[in-house]
Protein chains: 2
Amino acid sequence: MSRTAVSAKDVAELAGVSRAAVSRCFTPGASISPETRARIVKAAEQLGYQVNRLASGLIRNETGLVALIVSDMATPYRSHLLAALTEAVQQAGKVALLIKTDRSDGSAEQALRQAISYRTDAAIFLSGMPARSLAETCMRNGMRLVLINRDEDRPGALQVRLHDAEAGRRAVAVLRAAGCRRLALASSGVGTHSISERERGFREAATAAGIDWIEERFGSTSYQTGQDLGMALLSRRDRPDGVFCATDLLACGVMDVARWRLGIRVPDELSLIGYDNIAQAGWDSYGLTTFSQPVDEMAAKSVEWLSAMAANDDGDDGAGTARAEILFMPRLVLRGSVAQGFVPGVGR
Amino acid sequence: MSRTAVSAKDVAELAGVSRAAVSRCFTPGASISPETRARIVKAAEQLGYQVNRLASGLIRNETGLVALIVSDMATPYRSHLLAALTEAVQQAGKVALLIKTDRSDGSAEQALRQAISYRTDAAIFLSGMPARSLAETCMRNGMRLVLINRDEDRPGALQVRLHDAEAGRRAVAVLRAAGCRRLALASSGVGTHSISERERGFREAATAAGIDWIEERFGSTSYQTGQDLGMALLSRRDRPDGVFCATDLLACGVMDVARWRLGIRVPDELSLIGYDNIAQAGWDSYGLTTFSQPVDEMAAKSVEWLSAMAANDDGDDGAGTARAEILFMPRLVLRGSVAQGFVPGVGR
DNA sequence: CTGAAAGCGCTTACAG
DNA sequence: CTGAAAGCGCTTACAG
């Protein structure tokens, strides 16, 4: 009853070859004769041998591990993005190390340190942001960094982001085209870059159009906050008839308060637009007009970049301070939560 | 521009001690003088040293890695369970290796092989089930197995499950007490053990009460399937007035079809009960009466068991074929989706 | 194509 | 308490 798994030595003995041969058998492109390979494969199967990635990672300086660093992972949007990334990582033959963070100070640093201790080939941040110095240490050591929807820049890291301001602008255009007279902006108080950008776009467009609007911003990006925002915005005398919510979760909360607590009909009396296109936005109860993030594509491109950088490493000496950024355009998804009217085409 | 992170050797040199001393400094309980420790800690901080868990895992035969094996991870219930497990794993000082499976053949095996190749200390299955022989190999090698809501038994593994049949029985009691005359069971066709148990409990109780019921079972456990089930059940002439759905996602679909497509009022004309208590069940649009799984507790207990087993290892020689099982009772959460009536207390 | 040998970064008896 | 040495399971020049 050995406490330790079968090793290359066991396989080598059974197959009557050297340990080096066993290693070559499982190293793509290594020189080995078909016959020895066959013998080794057979022995390996018989013994249930799996190459020890810890040992190989140690020596090859490539673990096949990619850290996924995230908070609020049970949330619809985050879990969707997380699933897409996990899938992409696995498709690339790697495996995901999942590290949960929270809003506490140093949480992102601690997560990144965990990643370092396992020598992950890369770390992908879905939330939070590591201090510049630590990030630099990582990259100097050959770890790749991907920042998804993160505000600050980290030279050498890949930034994957969306044109959020444009979404805010389009929201105004859609609401106006629907005939809304009094607009509102409902947002959380987290002050994330991508959320601030959505707000900025909204304000810009509203200002440019010379129309008035009100706004409420507080709380986290939750359904509950959405309800509170809805209450605050919709129980006023001069209540708005068109609201852009910074996320779908907020929009669901606003819509539910409107319908079930204040008796306001959607979209007849209130048009609503969200952002993220979570699954619930497509459910019959919501039918929410929203902006969709190309989550699968974002995940695929991130992992593609990782592989490209790894290939690069063989060549140059890792100057790699080039600014890498991929910008996606959120796609408007029209559903029933916005009153009928002329819907503007693409662009402004 | 070294491609490799700082090692214990670097720290030892800077601190003027041996590499062994550095190792002891970061090994809890190792004998080291306060002065050397202080020197080493300082040097380590200065250099940004992180113990290489790959190397230590190799030698200590304990990687600190726990594999979480799951499918449909973006689903509300799964993502919640996944988050709870990740949290629990981190609380215990370990880190989660996330492996996504699908319904294809051998997917669970492949996932487990990945776990083996990284020598994870344990693997927790949230979905799927590895072949008996592979599971045994794992456990012989000291890897712990936890099966959450899985049907089959794997000697030596921890089974974490819920008393699903009881939930089915209670659902019938609640619907009858609400005055429902014609019951229905809406379930997916996946035939998972836990879902079959919910069905079994429902049928048993309905039979025992001598009342009639209809049922529909097909598709996956999705909102979409819920809509289809709702259409099938509720467009009949003799449509039911009380439906137990095997999951909340199904229930949401059924409710939406009832309300928005068939104009059936909930709960006046139709009482609905789900299972899982996903976040959406608590949203105003649904207010779904359902059964809650104690997800956090399930996660905590699973990880606790892992730690206990690890402690055990030092002592005995890993006979460990004892049957380990933890059974939780789903908790009824009453909301507005069931018509008012006498609500039975605990038990039948 | 193949094997013996060195080495990745660590831990852990073993002496002192 | 401390260091020198052996060894975890692998990969990879280096000879042959």
| query | Nearest nucleotide by nearest heavy atom, which residue falls closer to the 5' end of DNA chain C, A:R24 or A:A55? | reply |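 Checking each residue's closest nucleotide, the 5'-ward one belongs to A:R24.
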
Would you tell me if any nitrogen or oxygen in the side chain of [X] comes within less than 4.0 Å of OP1 or OP2 on [N]?
X	N	value
B:T36	D:dT2	yes
A:S56	D:dC10	no
B:S18	D:dG3	yes
A:Y49	D:dC10	yes
A:T27	D:dT12	no
B:S31	D:dC1	yes

Does either side chain, that of [X] or that of [Y], offer a donor lying less than 3.5 Å from an acceptor on the other one?
X	Y	value
A:Q110	A:Q114	no
B:S194	B:N149	no
B:D102	B:S71	no

Any base atoms under 4.0 Å from [X], or only sugar-phosphate, or nothing? Heavy atoms, all strands.
X	answer
A:A21	sugar-phosphate
A:S7	sugar-phosphate
B:S33	sugar-phosphate

What's the [atom1]-[atom2] distance between [X] and [N], to the nearest Å?
X	N	atom1	atom2	value
A:F26	D:dT11	CZ	P	10 Å
B:I59	C:dG7	CD1	P	17 Å
B:I32	D:dG3	CD1	P	9 Å
B:R19	C:dC10	CZ	P	8 Å
B:N52	C:dG7	CG	P	18 Å
B:D10	C:dG9	CG	P	8 Å
A:R60	D:dG9	CZ	C1'	14 Å
B:K9	D:dA5	NZ	P	16 Å

| request: Taking all heavy atoms of B:A83 and all of A:A74, pick out the closest pair and write down the distance. | output: CB-CB, 4.1 Å

| note | The reported gap from CD1 in B:I148 to CG in B:L126 (rounded to nearest 0.5 angstrom) is 5.0 Å

| query | Could you give the distance from CE (A:M143) to CG (A:L112), rounded to the nearest 0.5 Å? | reply | 6.0 Å

| remark: Across every strand shown, the nucleotide meeting Watson-Crick or G-U wobble geometry with C:dC1 (both distances under 3.5 Å) is D:dG16

| note | Per atom distances to the B:V51 side chain, the nearest of D:dC8, D:dT11, C:dC10 is C:dC10

| For B:A20 and B:R119, take the nucleotide of DNA chain D holding the closest heavy atom to each; which residue's nucleotide lies nearer the 5' end? | B:A20

